[in-house]
Structure formats: structure tokens, C-alpha cells
**Q** 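Below are the C-alpha cells for one structure; questions will follow.
Numbers here simply count residues along the sequence, with the first being 1. Predicted model, so just to flag it, every value in this text is computed and none were measured. These numbers come from the heavy atoms of this one structure, side chains and all, not from hydrogens, waters or symmetry mates.
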Amino acid sequence: MRTGEPLPAVGDVLAALATGLWHWDTADKLVTVDAEAARLLGLPAAPATLTEAQTRARLHPVDWNEITSVVQLAVAEDTLAEVRVRIMDERGEVLRVVRSRSKPSYDRERRAYVLTGTLQEVAEPGPDAGGRTAVTGPWRRSREAFLLDAGRALAEARSTAEVLRVAAGLSMPGFSPDGLVVFGVEGDRLTMIGHHGHRTDDMGPFTQMPLAMEYPAAEVVRTGRAVYLSSPEEYKDRYPVTWPLARPFGRSSWAFLPLTVGGRTMGAWMAGFAYPVAFTPDERAVLTTVARMLAQALSRAETAESERELTEGLQRSMLPSLGPEIPGIRIAARYIPTGGGLQVGGDWYDMIPLPSGRFALVIGDVQGHDVRAAGLMGQLRIALRAYASEGHRPDAVLSRAARFLHGITQDEEESDPRFATCLYVAVDPATGRLEIARAGHPDPVIRMADGTVMKRPTAGGLPLGIDPDADYPTTRFALQPGETLMLCTDGLIETGGHDLESGWRRLRAILEDHDGDLESLADALVQGVHGPSSHHTTGPLADRREDDIALVLLCRPERGGDPDGGAAVWPLVRRVLLPVGQDEPERIAEARRYVRELLHDWADPDQVDSAELLASEMVTNVLVHTDTDALLLAEVAANGGRRRLRVEVFDTGDDLPHKRSPGELASSGRGLLLIGILADTWGVEPRGEGKSIWFELYERSGAGESGGSGEPGGEDA
């Protein structure tokens with residue numbers, strides 16, 4: 001070319017260099033190529049306009065994805081987009097490898113990328129080519145495998161500490177940093193979340209740094225763009241103020257990348273290298289991808305940790321401790337939520353101080369295991385505390401709670417009704433007297449001093465929240481020294497594929513076989529249902545829950561015998577107390593069952609039959625021949641190797657029973673005759689206001705006849 005002649009056209013120069021021109025607008029989905037670019041794509045050497053689909057058909061599928069990711073990276077970093085791609089022929093074989101270089105831009109109004117660039121054929125690297133020379137070949141395959149493994153590991157990390165541990169263990173293909181730092185943002189300051197490859201003592205200056213400082217990580221957070229520093233000289237020139245902080249670490253290259261989630265920059269990631277790194281587009285693509293995965297993992301971990309902290313705090317506020325010890329009473333409790341993430345469910349227990357030194361135990365279960373159930377549980381628990389503290393009786397407490405829950409749930413959708421079962425027990429520690437009201441909840445269980453276990457049926461009403469006008473009758477009985485009361489939710493009974501009956505048999509076996517204190521008994525009950533027990537509400541045990549579990553055990557410790565006789569001669573080992581009202585004749589069957597269960601290990605089955613018959617006759621006598629209610633008291637006492645049953649029935653009537661001689665066709669009058677024949681001893685005792693009739697049986701080693709004794713007289717039985 002002679003001096004002064006005009007420069008040749010750019011297209012002619014590029015054609016002479018075997019370089020093609022192309023233009024791509026993603027909004028129009030069209031790619032325009034000149035003749036040389038068309039030739040390199042395996043098309044006739046003539047200018048052409050291709051659709052995206054036609055262009056994509058000429059490229060290897062993996063390389064098309066590579067182009068889109070590199071373009072996004074170049075726009076984010078305001079750099080050139082450079083990538084090597086394989087051109088495929090009609091048979092699906094590689095025709096040639098070309099290098100594409102372009103300067104992309106992003107049109108926000110049209111939400112489209114616009115690129116103009118060049119294509120130039122390059123030699124495809126052989127199998128022995130260096131690991132960091134090209135995006136094709138072994139380097140690409142190792143990079144893809146690395147990103148898959150890194151993504152899987154980061155996705156499985158559940159906490160910030162786990163995310164940092166995974167990031168520290170990442171070994172990038174062909175280049176790996178020897179030092180990592182993850183920065184976060186708090187207000188106008190850059191904070192250090194974690195680091196790897198540094199001594200903690202050396203990281204002091206980086207723990208709290210103003211965002212306005214000329215430090216690479218701070219700039220990344222301010223601008224949202226990555227900073228690559230290939231040499232110490234470049235670091236010193238661009239950031240002279242903070243270079244003295246970085247110099248002691250002796251590194252040769254640094255990459256600072258934004259941690260962005262949902263368009264918000266939440267921090268920065270620093271990767272430091274002990275050797276020089278050029279930060280080619282391929283290397284930048286790997287670092288950027290890792291930074292995106294790291295940001296997402298940190299965001300998930302932060303959200304999960306916040307949720308855990310919230311739920312655990314909510315649980316701590318909803319499940320108070322049982323409070324100070326109460327003289328003469330021992331209490332143990334357990335709460336274990338169901339799995340699924342939430343550590344708070346619908347089950348709860350509570351202990352409420354009452355006037356006159358008494359206290360109340362409450363246990364309940366709101367339907368469901370979700371946040372709504374937990375919220376209703378918290379409201380209901382507070383309401384029960386308020387009603388109990390006002391001094392209301394158990395039946396009034398549950399009646400008010402029923403109206404309260406119905407009022408706050410009446411707007412619930414019919415397809416998702418909410419109700420709660422509840423058991424309220426008022427306890428007098430001095431006497432062991434219990435007053436129980438029940439709302440659709442499982443009955444309490446009594447474990448007697450000798451290990452005998454019985455369910456204690458109590459009168460009850462509908463679950464709370466169903467009927468605002470429901471009634472909740474009160475059942476009264478006394479817990480004797482050495483006896484243990486168990487209250488639980490149905491999760492303890494039914495978990496593991498059991499129904500109420502089979503689950504109860506499982507718990508009964510645990511209660512009968514256990515030999516230890518109250519705390520170990522609570523652990524044994526939980527362990528027997530779900531494996532190794534735990535006082536905590538998180539961990540492997542909680543992950544296996546089918547239903548929430550709430551458990552409360554109340555025990556009156558045994559007292560010593562009376563030195564003057566009575567109790568020392570025949571110490572009490574079992575006792576049941578059952579009131580039977582005039583309008584409750586069906587409870588006579590309960591009285592028979594109570595006596596039979598009390599004698600479950602009695603040696604002579606004939607004596608068990610006799611005791612059941614006599615108890616039934618005595619209670620029936622009160623209901624038929626008086627206008628008062630009956631109170632059945634049955635006790636088993638022991639003296640050495642002998643045991644004695646005493647059954648006593650109280651009423652407030654004034655007329656004493658007397659023995660009669662009924663005819664063959666008489667329908668009554670045989671009660672006292674049966675007592676005289678079957679009981680070892682019996683009697684009638686006036687009680688000032690009312691009376692009692694009683695009998696005793698002494699255990700025999702086997703079947704035998706019962707001899708009667710005593711002089712009957714008075715009203716017929």
C-alpha cells in the first residue's frame with residue numbers, strides 16, 4: 001500500500017485475515033454474518049441472515065450454552081466476551097473450531113442482548129494440551145464435572161458454617177485459590193463472614209471495614225461488578241490505600257466477585273492465588289458460576305438459620321419449665337415435636353399455680369402440625385392460664401376455653417376446622433386429691449405403688465372449639481403415696497402404626513416393667529415409642545416424629561408406715577376410688593372392671609370373680625335402695641407374703657342395711673347373703689352423715705371355698 005492511499009475496508013482486511021464478522025440481536029432472534037463468517041459456519045461463502053435456530057444448529061449444543069453464559073458474564077463485568085466453539089457438519093461431526101470475540105451490551109427497554117463480533121478458525125487442542133488453554137477438550141469436561149459437584153455440595157449445605165466448609169474444599173480445574181474470604185454487609189460496613197487459608201489473628205483489619213473504603217471487596221459490593229487483579233503491581237496501582245493490608249499474605253493474584261441473589265448484592269467473595277493467574281474468560285466463567293452458587297447457598301443457609309432461631313425461640317416461649325419443686329410431689333415432663341422442619345407443634349403441657357397452695361397440670365393437643373396449630377396452641381395456653389388463675393373450677397376453666405377457641409376459629413374455612421383436646425387436673429399436694437376435667441383427650445393413667453397400671457376413666461366432654469356451650473363434668477379422686485399419674489397426648493400412644501388399644505398395651509408394658517426414678521421413666525416411655533430419648537426438640541429423634549408428643553408424669557412419693565400399728569401391719573400397695581352417681585348406673589360396670597384390674601395378679605381366679613360380684617352388689621344396693629350417690633374404695637394391702645383386698649362403699653343415707661330371707665322367686669334381698677358367704681370378713685359402719693359397708697378377702701394360693709363370717713343385719717342389699 002502506497003503512502004496516502006485510502007485504508008482498505010474493514011471487511012476486506014478481515015477477509016484477508018480469514019476472519020468473519022457477525023451481528024446478533026436477541027430481541028429479533030436474528031444473526032447476520034458476512035461471507036467469511038458464513039464459510040466458517042459451514043455455509044456457502046455469502047452474506048446471510050440466519051435465525052437463532054439456524055445458527056444454533058451449526059454449533060455444538062454444549063458450546064451454545066457456553067456462549068450465553070459468557071455473554072452474561074461479559075455484560076456484568078463490562079468486558080469482551082471470548083469463547084471457543086465447535087462448528088458441526090450435517091453428520092454431527094466437528095467441522096472446525098473457531099474463536100468468537102465480541103463486545104456485548106444489554107438493552108434494558110427491550111430486555112435483549114446486542115452483540116457484534118468476529119469469528120476466526122483456530123487449531124483444536126490435542127489430548128496433551130494444557131489444562132487451562134481452551135474451553136474445549138479435557139479442560140471443559142473437568143470444569144463441567146467440577147461445577148456439578150460444587151453445585152451439589154453447596155445445595156446440601158444447611159448452615160453458614162457448612163457452606164464455608166464446602167467453599168474451602170473446592171478444587172477448581174486447572175487453578176485453585178489457596179485463600180478464601182467471604183464478606184457480608186451490615187449497614188454501611190463490610191463484615192467478614194468466614195475465611196479459609198488465613199490465620200485468624202491476621203484477619204483483624206478485614207472484620208469491620210467501611211463500604212466507602214478503596215478496597216476491592218468494598219468496591220464489588222458498591223458496584224455489583226467483579227474485580228480481577230492479576231499481579232501485585234496491579235493491586236498496588238488500583239488500591240494503594242489498602243495494598244499494605246494485602247501485601248503480608250504474599251499472594252500473586254486476586255479475584256473479588258459479587259455474591260448476588262435476586263438482584264441484591266449481599267456480599268463479596270475473595271479468592272487469592274499464590275501464583276499468577278491471567279483470569280481468562282474461561283477462568284472468569286468458573287469463578288462467576290461458583291460465586292453465584294455460593295451466594296444462593298449462603299442465602300438459603302441464612303434463611304434456614306433465621307427460621308430455626310425463630311421457631312426455637314417460639315418454642316422456648318411456649319413451653320415453659322415446670323417451675324420450682326413442690327413439697328410432696330414430683331413431676332417430669334417431655335415435649336417432642338413432629339418432623340418437617342418446624343420445632344413447634346399443636347401439643348403442649350403447662351403447670352399453673354392456683355390459690356391455697358394448689359396447682360394445675362394442663363396437657364392438650366391442637367389439631368394440626370403447622371404454624372397455625374402452633375399459634376392457636378399459644379393463644380389457648382394463655383387463655384387457660386388466665387381462667388385458672390382467676391380461681392375457676394376445672395369444669396369452668398374448660399367451658400370458658402371452649403368458648404374462647406370457638407370464637408377465634410369460627411372464621412376458619414369449613415374444609416379446615418380447628419379444635420383442641422385438653423385435660424385439666426387441679427392438684428392438692430397435701431392430700432393428693434385430684435379434680436379432673438377432660439375435653440376429648442385420652443384418659444389419665446395410674447401406676448400404683450406395686451407397679452400395677454390402670455387407665456383411669458374420667459367424665460368428659462367434646463374437644464374445645466366445637467361447641468361453645470359444651471359441659472365438662474369434673475371427676476375427683478385421690479392419688480395415693482407411691483402412685484404415679486401419667487398424662488399424655490395421642491402421639492405417644494399411636495405413633496409407629498399403633499391404634500389406641502395396641503399403643504396403650506405397649507405403654508402399659510413399659511410402665512409396669514420400669515424400675516427407676518420419674519425422669520428415667522419419662523425417658524423410657526419416649527424411648528419405647530421412638531428409640532433413643534432426648535430432652536431436646538431437635539436432631540434425629542425429632543426428624544422421625546409421626547405426631548407431636550407431650551408427656552407429664554406426677555408422683556406422690558411413698559411415706560413410711562405408722563409406728564402405732566395399722567399401716568405398718570398391712571401397708572397399702574394399691575388403691576382405686578370411684579364415685580357412682582344416681583344418674584350413672586352404667587358406671588357399675590366400671591366398678592367391676594376396676595376391681596378385676598386391681599386383682600390382675602391375684603392367685604385365685606375364683607376370689608377375683610367373688611370380689612367383682614360383691615363390689616357390684618354393694619354399689620347397686622346404694623343406687624336402688626337410697627336416694628344418694630355411692631363412692632367405691634378398693635384397696636390391696638400386703639403383710640409379708642400375704643395380701644388382703646378391702647372394698648368399701650360409702651353413701652349418705654341414714655338407713656343401715658339388714659339381712660333378709662328372700663323367697664325363691666324374690667328379685668332382691670340376696671346381697672348381704674352373698675357377702676356373708678363369699679367374704680372372709682365384712683361389716684357395716686355408721687359414718688355420722690351416712691354409712692359404709694365393707695368386706696375383705698385374703699389371697700389364697702389357689703382355688704378354694706370362701707368362708708363367710710360376721711353377723712349380718714339391717715337393710716337388704
**Q** Measure across Met192 and Phe206 and return the closest heavy-atom pair with its distance rounded to 0.1 Å.
**A**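 So the two residues come closest at CB-O, 3.7 Å.
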**Q** Is any side-chain heavy atom of Ile331 closer than 4.5 Å to a side-chain heavy atom of Tyr349?
**A**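 No, every pair of side-chain atoms sits at 4.5 Å or beyond.
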**Q** Work out which heavy atom in Glu283 is nearest to a heavy atom in Ala278; give both atom names and the distance.
**A**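 Shortest heavy-atom contact: OE1-C, 4.1 Å.
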**Q** Could you pull out every donor-acceptor pair under 3.5 Å between side chains of residues 252-274 and any protein atom, sequence neighbours left out?
**A**
| unit_1 | atom_1 | unit_2 | atom_2 | d |
| --- | --- | --- | --- | --- |
| Ser252 | OG | Ala274 | O | 3.2 |
| Ser253 | OG | Ser230 | O | 2.8 |
| Ser253 | OG | Val277 | N | 2.9 |

**Q** Where is the tightest heavy-atom contact between Asp347 and Asp548, given as atom of each residue plus distance?
**A**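 The answer is OD2-O, 3.0 Å.
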**Q** Can you give me the closest heavy-atom contact between Thr489 and Gly364, atom names plus distance?
**A**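 Here Thr489 and Gly364 meet closest at CG2-O, 3.5 Å.
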**Q** When you compare the side chain of Thr26 with that of Val71, does any pair of heavy atoms fall below 4.5 Å?
**A**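 Sidechains of Thr26 and Val71: no contact.
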**Q** Would you mind writing out the side-chain donor-acceptor pairs for residues 94-103 within the sub-3.5 Å range, not counting sequence neighbours?
**A**
| unit_1 | atom_1 | unit_2 | atom_2 | d |
| --- | --- | --- | --- | --- |
| Arg96 | NH1 | Arg39 | O | 3.2 |
| Arg96 | NH1 | Leu40 | O | 2.9 |
| Arg99 | NE | Glu82 | OE2 | 3.3 |
| Lys103 | NZ | Asp78 | OD1 | 3.1 |

**Q** Determine yes or no for a side-chain-to-main-chain donor-acceptor pair under 3.5 angstrom, with Thr289 supplying the side chain and Ala285 the backbone.
**A**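 Indeed, once roles are kept as given, a pair shorter than 3.5 Å links the two residues.
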**Q** For Arg108, what residues pass the salt bridge (charged side-chain N to carboxylate O under 4.0 Å, His left out) criterion, not counting sequence neighbours?
**A**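 Expected list: none.
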**Q** Should Leu287 and Tyr228 count as side-chain neighbours, where that means a heavy-atom distance under 4.5 Å?
**A**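 Counting from C-beta outward, Leu287 and Tyr228 do come under 4.5 Å.
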**Q** Would you mind checking if Arg506 and Glu494 are paired as a salt bridge, meaning a charged N to carboxylate O distance below 4.0 Å?
**A**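 Salt bridge between Glu494 and Arg506, a charged N being under 4.0 Å from a carboxylate O: no.
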**Q** Could you name each residue pair satisfying side chain to side chain donor-acceptor pair (under 3.5 Å) that touches residues 209-224, not counting sequence neighbours?
**A**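 Side chain to side chain donor-acceptor pair (under 3.5 Å) check on residues 209-224 returns Glu219-Tyr239.
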**Q** What is the minimum heavy-atom distance between Glu52 and Leu30, and which atoms define it?
**A**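 So the minimum-distance heavy-atom pair works out to CG-N, 4.5 Å.
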**Q** Which residues satisfy the salt bridge (charged side-chain N to carboxylate O under 4.0 Å, His left out) test with Asp237, sequence neighbours excluded?
**A**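 Salt bridge (charged side-chain N to carboxylate O under 4.0 Å, His left out) list for Asp237, sorted by chain: empty.
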**Q** List for me each residue that meets side chain to side chain donor-acceptor pair (under 3.5 Å) alongside Thr116, sequence neighbours excluded, and say none if there are none.
**A**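 Scan of Thr116 (side chain to side chain donor-acceptor pair (under 3.5 Å), adjacent residues dropped) gives His23.
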**Q** Does Asp490 have any side chain to side chain donor-acceptor pair (under 3.5 Å) partners at least two apart in sequence or in another chain, and if so, which?
**A**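 Result, side chain to side chain donor-acceptor pair (under 3.5 Å) vs Asp490: none returned.
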**Q** What residues form a side chain to side chain donor-acceptor pair (under 3.5 Å) with Tyr113, not counting sequence neighbours?
**A**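 Side chain to side chain donor-acceptor pair (under 3.5 Å) list for Tyr113, sorted by chain: empty.
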**Q** With a 4.5 Å cut-off on side-chain heavy atoms, are Met213 and Leu190 touching?
**A**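 No, side chains not in contact.
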**Q** Under the side chain to side chain donor-acceptor pair (under 3.5 Å) test, which residues partner His196, sequence neighbours left out?
**A**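 Partners of His196 under the side chain to side chain donor-acceptor pair (under 3.5 Å) test: none.
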**Q** Could you work out, with salt bridge (charged side-chain N to carboxylate O under 4.0 Å, His left out) as the rule, every residue matching Glu233, not counting sequence neighbours?
**A**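 Applying salt bridge (charged side-chain N to carboxylate O under 4.0 Å, His left out) to Glu233 gives none.
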**Q** Can you tell me which residue pairs pass the salt bridge (Lys or Arg N to Asp or Glu O under 4.0 Å) test with a partner in residues 246-257, sequence neighbours excluded?
**A**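 Listed by first then second residue: Asp178-Arg251.
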**Q** Considering only heavy atoms from C-beta outward, does the side chain of Trp24 approach that of Thr55 to under 4.5 Å?
**A**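 Contact flag for Trp24/Thr55 side chains = no.
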**Q** Under the salt bridge (charged side-chain N to carboxylate O under 4.0 Å, His left out) test, which residues partner Glu93, sequence neighbours left out?
**A**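 Per chain and number, Glu93 pairs via salt bridge (charged side-chain N to carboxylate O under 4.0 Å, His left out) with Arg91.
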